[in-house]
Amino acid sequence: LENVIKKLSPIFFLVARVTFGVFIATHGYPKLMNMGDFISKVDSLGFPLPMVMGPIAALSELLGGILVAVGYKTRLACVFILFTMLGAALVVHAADPFQKKEFALLYAILSLVFMAKGSGRFSLDRDQ
């Protein structure tokens with residue numbers, strides 16, 4: 001069984017990377033479609049330069065998620081995703097119970113995994 005799992009691990013990694021990228025991208029899309037509201041929310045949370053930080057956060061999710069899903073510049077995209085998710089967990093959901101922070105923290109941890117491991121065998125980067 002371990003040998004089968006080992007042989008299939010590049011496919012498992014592909015499924016994990018694509019799923020993570022799509023999930024992240026689906027968080028960024030609505031923010032970009034309602035950028036004015038999102039910038040207002042970023043401003044109300046006390047982030048500096050909300051007119052800059054809002055679009056950076058939304059683009060890091062949408063474009064970063066797409067880049068991760070296709071496996072292109074995955075490590076770099078995950079740097080932006082990591083900081084966005086840490087901001088979500090530690091600032092946006094600072095006063096919320098752990099369950100509200102949990103997804104952002106999970107996404108941050110997955111960003112670290114993809115930063116460390118790259119895109120995997122089946123990617124545009126061909127990063128093994």
Give a yes or no on whether Leu8 and Phe122 share a hydrophobic cluster (residues Ile, Leu, Val, Met, Phe, Trp, Tyr; joining criterion: side-chain heavy atoms under 4.5 Å apart).
yes

Closest approach of Ala108 to Leu82 (non-hydrogen atoms, all atoms of both residues):
O-CD1, 3.5 Å

I'd like to know if the side chain of Asp125 reaches the main chain of Lys73, judged simply by a donor and an acceptor atom lying under 3.5 Å from each other, with no hydrogens or angles considered.
yes

In this structure, would Met35 and Met33 fall into the same cluster of hydrophobic residues linked by side-chain contacts under 4.5 Å?
yes

Can you name the closest pair of heavy atoms from Glu61 and Lys31 and give their distance?
OE1-NZ, 2.8 Å

State yes or no: do Leu67 and Val18 share one hydrophobic cluster built from I, L, V, M, F, W and Y residues joined by side-chain heavy-atom distances below 4.5 Å, directly or via other members?
no

Please work out which of the three classes, parallel, tilted or perpendicular, describes the rings of His27 and Tyr107, given edges at 30° and 60°.
perpendicular

Verify side chain to side chain contact (heavy atoms under 4.5 Å, CB included) between Thr74 and Cys78, making sure each step is shown before the conclusion.
CA-CA 6 Å; Thr74 297; Cys78 282; 4.2 Å; yes

Cluster overlap Ile24 with Phe114, hydrophobic side-chain contacts below 4.5 Å
yes

Could you check whether atom CZ of Phe12 has more than 12 heavy atoms from other residues, nucleotides or ligands sitting under 6.0 Å from it?
yes

I need the minimum non-hydrogen distance between Ser119 and Gly71, along with the two atoms involved.
OG-O, 3.4 Å

Could you check whether any side-chain N or O of Thr26 sits under 3.5 Å from a backbone N or O of Phe23, counting only pairs where one atom can act as donor and the other as acceptor?
yes

Can the ring centres of Phe13 and Phe20 be said to be less than 6.0 Å apart?
no

Check: Val68 main-chain N/O paired with Arg17 side-chain donor or acceptor under 3.5 Å:
yes

Mind listing the side-chain donor-acceptor pairs of residues 40-58 below 3.5 Å, one per line with the distance, residues two or more places apart or on another chain?
unit_1: Ser40; atom_1: OG; unit_2: Gly36; atom_2: O; d: 3.1
unit_1: Ser44; atom_1: OG; unit_2: Lys41; atom_2: O; d: 2.8

Matching residue for Asp96 among His93, Gln99, Lys100 - test: side-chain hydrogen bond (donor to acceptor under 3.5 Å, both in side chains):
His93

Identify the heavy atoms of Gly120 and Ser123 that sit nearest to each other, and give their distance.
O-OG, 3.1 Å

CZ (Phe83) with more than 12 external heavy atoms under 6.0 Å:
no

Please round to the nearest 0.5 Å and tell me the distance separating atom CD1 of Ile109 and atom CE of Met85.
13.0 Å

For a 4.5 angstrom cut-off between non-hydrogen side-chain atoms, does Leu32 reach Phe38?
no

With a 4.5 Å cut-off on side-chain heavy-atom distances among I, L, V, M, F, W and Y, is there a chain of contacts connecting Ile66 to Tyr29?
yes

Looking only at heavy atoms, what is the nearest atom pair of Ser60 and Thr84, with distance?
OG-OG1, 2.6 Å

